[in-house]
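This report refers to the structure that appears directly beneath it.
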There are 2 protein chains.
Amino acid sequence: MEFGAFLLSLGTSAVIFVVLMLLFTWLSRRSGNVSIYYPNRILKGMEPWEGGSLTRNPFAWVREAFTSSEQDVVNLSGVDTAVYFVFLSTVLGIFALSGLLILPTLVPLAATDDSIKTSIRNTTDTTSEGTFSQLDNLSMANITKRSSRLWAFLGAVYWISLVTYFMLWKAYKHVSALRAQALMSTEIIPEQFAILVRDIPSPPNGQTQKEFIDSYFREIYPETFYRSLVVTENSKVNKIWGDLEGYKKKLARAEAILATTSNRPMNKTGFLGLVGKKVDSIEYYTKLINESVTDLEAEQRAVLAEKQQTAAIVFFTNRVTAASAAQSLHCQMVDKWTVTEAPEPRQLIWNNLKIKLFSRILRQYVIYFVVAVTILFYMIPITFVSAITTLKNLQKILPFIKPIVDIAFIRTILESYLPQIALIVFLMLLPKFLMFLSKAEGIPSQSHAIRAASGKYFYFSVLNVFIGVTLAGTLFDTLKELEKDPNSIVTVLATSLPKSATFFLTYVALKFFVGYGLELSRIVPLIIFHIKKKYVCKTEAEVKEAWYPGDLSYATRVPSDMLILTITFCYSVIAPLILVFAVIYFGLGWLILRNQALKVYVPSYESYGRMWPHIHTRILAALFLFQVVMFGYLGAKIFVWAILVVPLVVITLVFGYVCRQKFYKGFQHTALEVACRELKQSPDLEEIFRSYIPHSLSSHKPEDHQFKGAMSRYQDYAAISAA
Amino acid sequence: MEFGAFLLSLGTSAVIFVVLMLLFTWLSRRSGNVSIYYPNRILKGMEPWEGGSLTRNPFAWVREAFTSSEQDVVNLSGVDTAVYFVFLSTVLGIFALSGLLILPTLVPLAATDDSIKTSIRNTTDTTSEGTFSQLDNLSMANITKRSSRLWAFLGAVYWISLVTYFMLWKAYKHVSALRAQALMSTEIIPEQFAILVRDIPSPPNGQTQKEFIDSYFREIYPETFYRSLVVTENSKVNKIWGDLEGYKKKLARAEAILATTSNRPMNKTGFLGLVGKKVDSIEYYTKLINESVTDLEAEQRAVLAEKQQTAAIVFFTNRVTAASAAQSLHCQMVDKWTVTEAPEPRQLIWNNLKIKLFSRILRQYVIYFVVAVTILFYMIPITFVSAITTLKNLQKILPFIKPIVDIAFIRTILESYLPQIALIVFLMLLPKFLMFLSKAEGIPSQSHAIRAASGKYFYFSVLNVFIGVTLAGTLFDTLKELEKDPNSIVTVLATSLPKSATFFLTYVALKFFVGYGLELSRIVPLIIFHIKKKYVCKTEAEVKEAWYPGDLSYATRVPSDMLILTITFCYSVIAPLILVFAVIYFGLGWLILRNQALKVYVPSYESYGRMWPHIHTRILAALFLFQVVMFGYLGAKIFVWAILVVPLVVITLVFGYVCRQKFYKGFQHTALEVACRELKQSPDLEEIFRSYIPHSLSSHKPEDHQFKGAMSRYQDYAAISAA
């Protein structure tokens, strides 16, 4: 890429960013958009902005973001979000501190050397081929081989590594304290009183699953066992409940239409309301609701009596016992009565709970294999799909598109873009596919599944985007070399890096200018909301659904930040300018997401920073890759002291090991010194218990909790006959 | 080795065995030897033999061994010994079941082929060189290459593997139940009420270590915490106490001499009683004892007040809490307040308790490295030592040996045997050296250190004796081949195996005939005992010390059985005759050691079968080696279906993984369902606490337990001033 083109692309992105910022300033001050720009505050019952006035400073949000404390973030968006900001600020710190020393030393050293000029003059050198631009003059590519200036570059590798160790150590300590502080909360957190028990064996004859579980735990914890909630097979009852909720919404909608237009709304009973008999909506849905309620009650009884599974949530009367029980081996046979901390009620993946231990292990390995195959060979099915979905084949299957396709212009575009469309569709579906795979592992909670999916996505993006792009340009040139010496993969990777530096500079700039501009201005959700509000929504509930913001979506956000991080590490010494871009990326990200976290997104779960050990390990993995690449690249410059990078690689491994030993278990489990703090008030155990009953099973009459009846079969029937 | 020589060696061993058996029958019936042949029963306060009569059937011990139940073994010798018998019977079962099918099929198949005859005739075949004997005609060496008879040998590999999986699975289940049953005991076992806490941080200002620990645990376990025992630095107090005990023994001895001879005994005060002033022993030792008692009391006070370390034993009022506490993370920083189950008081390695977590990890890696170097290169220092300790050098250092060495005969012998002597000394010292290394890892208990040492010894013996002997004979011939293709190590190992078959047959036979003969007859301890009793011992305590039998010494016994097992596995298909010898070895071992366990050895610790997972893994490792070797050897016979061994290797790995998942954690920790059983009576917590106080710190006046005073500094001083 030419230097001019680079500046042009940078300029365009910057202009887009400024436009989006202005849009945000203008739009966010209009009261009709409040529910798009301040939903989190509204849902928390707060004024959209402090002071409550619209005529305020348009850049007040920047000041608010900067002055907000970590505790504000925890209060408004939870520990997980606070940990995400620790991640952003740690990475920002690493790159800022690195840049402070590296930019003033390495850039002049590179600029005053003349390897590129020499190699352009000397055209027998095959690796340059005139593709170097002015930007490359500021990078390590401009350093002559064997030059003693390389010492400075070696020093830079050390500096960056040391800064990273220091920042990561500080961050891990901080996050660990943050997690401990949140778990020590004097508030009552239901999951701190419960454990999840899986792999429960079949009860002996004459006992129900429920009785068996209760007697087992009552024997071990005679004083602190409260009660248990047996996991049941709910797919049918969920279906009925889902239908019922749908009918209720439609009834509310019909009533709203009646209230505003005074016409009784009608609808057709067939597919999607398009075909079938026309009926009066209010009467029709009222009838359906009554039928469903009867069905639901019958099915609820059936579930409790007959569909008890081999898992349960067990409740204790205090936090220490629950925390300790979740870490203790209960059964001499390790694959029976396995325990873990109970996840939050809202993030339990109910269907996975019944899966047995060895089945979970097997699933995990199978899925690792599937993911590995997907990452390595995903191009093959896409090529295959785009090959069979040629236009000719499409015309055969969908004859009605023929007239369109016959236009020469459209035909050309379609023919040339079909493979890319297949790729884009694949990349859009990938996070969902990885999430599906992670859930299929048998993971019991949403947040855990998201962590697993996010890990998979990280490996995919690093391998494909980074290594893929880097190698692709030079692959065929270097394939011959590789054939001669298969161990030279590091050298190949290292020597092909500088050629892609400009590409990645542009990539990072695009990411932060356009990506964060869109993020802050929320143009897309705003437009969708206004369309829905105007043409679709009739009831209050529907309007709320239209603006409900969702969460920060770590599953894709963290891996995409990680990719930028990996790229920056690898180029930090080769093309130090990238540090400037990375600092802007993470700095701007911190600022804009701080605003979004405080005002927009609503967290959908809380895992108390369990994401952090994974983030930590991946930052270290990126550092490791950087060190290996630098070893290769310094070697490619025929600099014998490249060997001094090896101790650094060893230190990285030792550092990772020490961190794991010192901190990791504190994230896996709740430490007892943390769980033993006094509570503000004694817990309402009945309420804690009820919070775990799925909606579809909780009775519609608040005073009658059917689960109480599940304590034994006898009581169960008694409750039913009494109802 | 010729067939005749083999038979001769076998015959000699058998004769020695018969002689030792007869000696045992005769000696064990003489009442003067009762304390050598029945010490365990005597110490348990039982009659030496049932019925109490000397004139019984000389082979009654065989019947008694066979009729003794597993429960008898547990009662008389503990769970660890019972687990050792499970090991013996499992291995016996594996080889007996394997042999039942393999011997009648493979031996005729081998005997009727004629590969060896052909190759002897065809002298261009370099691998035979006429070293094959009649025995080899019954082995796989006699099978022609590419022969379809090899199918039977492949089938045999499958059969042995399946039998092993089956027996191991059964055994693991059985041992797990055995462990659970012992831990469920209604008796009070002190270590079930305690946990070991290490890595305790420094107490905040104004608190002692003891107060800090107590307040920490009291906050977490307000109802179930009993008290704590802070680990102290005891080296000085132990020294004083040891001296005191020595003086007491000497005083008792002097008094015994006075009582029998009516002469007041005298001794010299200098080095070893050989030089110095002559004094009256009774007066001298009485004075020393009085001095030591004063010193001891002063030092005991100093230890309790000033030498508290960063570790402690913490006691709880019930077993479930202790079991659960030992498995739970207590501190958010994982390297602080680390907990484990408390070992038995008698097997605590007091000095190791204060070592910090990361120091333990570091020590472990350093020691693994030292052991690996020792195993691989132990021949180098031995060669070096024997090179510099030539006779000439020895004469220079020790001039007084010159006259002896000048005799030509002795000179020749010494010169030729010095290297061997160095090797023998090394092999004798090796178990002690490995035990020293294992303790240096920072392991807190004796049994754990023994497990660690036993593992190291296993790798040493398998690598050196088995692979060493096998390869040594053919190493130089095959080194050339290896140079050409370094991947052929498996093939080299496999093809050189058959040549060593006869050597190992003899080795196994020698082991069981002579080894078990000596074991049963206890000739050496018997002679030593009678000499000591006659010439050295004066007091009852000294006589008891002379016959005290020690324990079964797993640290060397298990690895040596394991070596036989590994050899047998590897030869089971190549030379099936070895199965007969292995069955005799393990059968005879079972019988003789059953007698020894019931009547002779006194266990010195109890770990409730924690050795088993290690034994299990090593049996599987031996099976794995066997499968790999068979893959190589079938390949060397140019049998393409050798590839069918590969799935078996995979199954072995999966089997090991599944067993680990299902059983291992039950051996690491006490399952809560096991710990929650009712006790026969409510525990005397004070007594449990006292059992952990080291002898050197327990007060000499029984009513005054100084440790009670260590609860706080104030009480401490109060106790001292009151004393």
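Chain A is the first sequence line, chain B the second, and so forth, proteins listed ahead of strands; every chain is numbered from 1.
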In terms of heavy-atom contacts, B:L672 and A:S328 come closest through CD1-CB, 3.7 Å
Tightest non-hydrogen contact, residues B:C331 and A:A671, listed as C-CB, 3.6 Å
Rounding to 0.5 Å, atoms CZ (B:R677) and CD (A:E219) come to a distance of 5.5 Å
Output for pair (B:C676 SG, A:F217 CZ), nearest 0.5 Å, gives 11.0 Å
With sequence neighbours left out, the residues meeting ring-ring contact (aromatic ring centres under 6.0 Å, His included) with A:Y221 are A:F316, A:H330
So do the side chains of A:F358 and B:K662 get within less than 4.5 Å of each other, counting heavy atoms only?
yes
* To do: Taking the side chain as every heavy atom from C-beta outward, state whether B:D335 and A:Q661 have any pair of such atoms under 4.5 Å apart.
  => no
Taken in chain and number order and not counting sequence neighbours, the residues that satisfy side-chain contact (heavy atoms from CB on, under 4.5 Å) with B:Q668 are B:Y664, B:K665
Crowding at [atom1], [X] (>12 non-hydrogen neighbours, <6.0 Å):
{"X": "A:R360", "atom1": "CZ", "result": "yes"}
{"X": "A:R610", "atom1": "CZ", "result": "yes"}
{"X": "A:Y657", "atom1": "OH", "result": "yes"}

Heaviest contributor of heavy-atom pairs below 4.5 Å to chain B, chosen from A:M333, A:K336, A:E223, A:H669, is A:M333
Max heavy-atom pairs within cutoff under 4.5 Å with chain B, candidates A:V674, A:T670, A:L329, A:I361, goes to A:L329
Sorted by chain and number, sequence neighbours left out, side-chain hydrogen bond (donor to acceptor under 3.5 Å, both in side chains) with A:Q209 holds for none
Ordered numerically, the heavy-atom neighbours of chain B under 4.5 Å found in residues 172-184 of chain A are A:S176, A:R179, A:A180
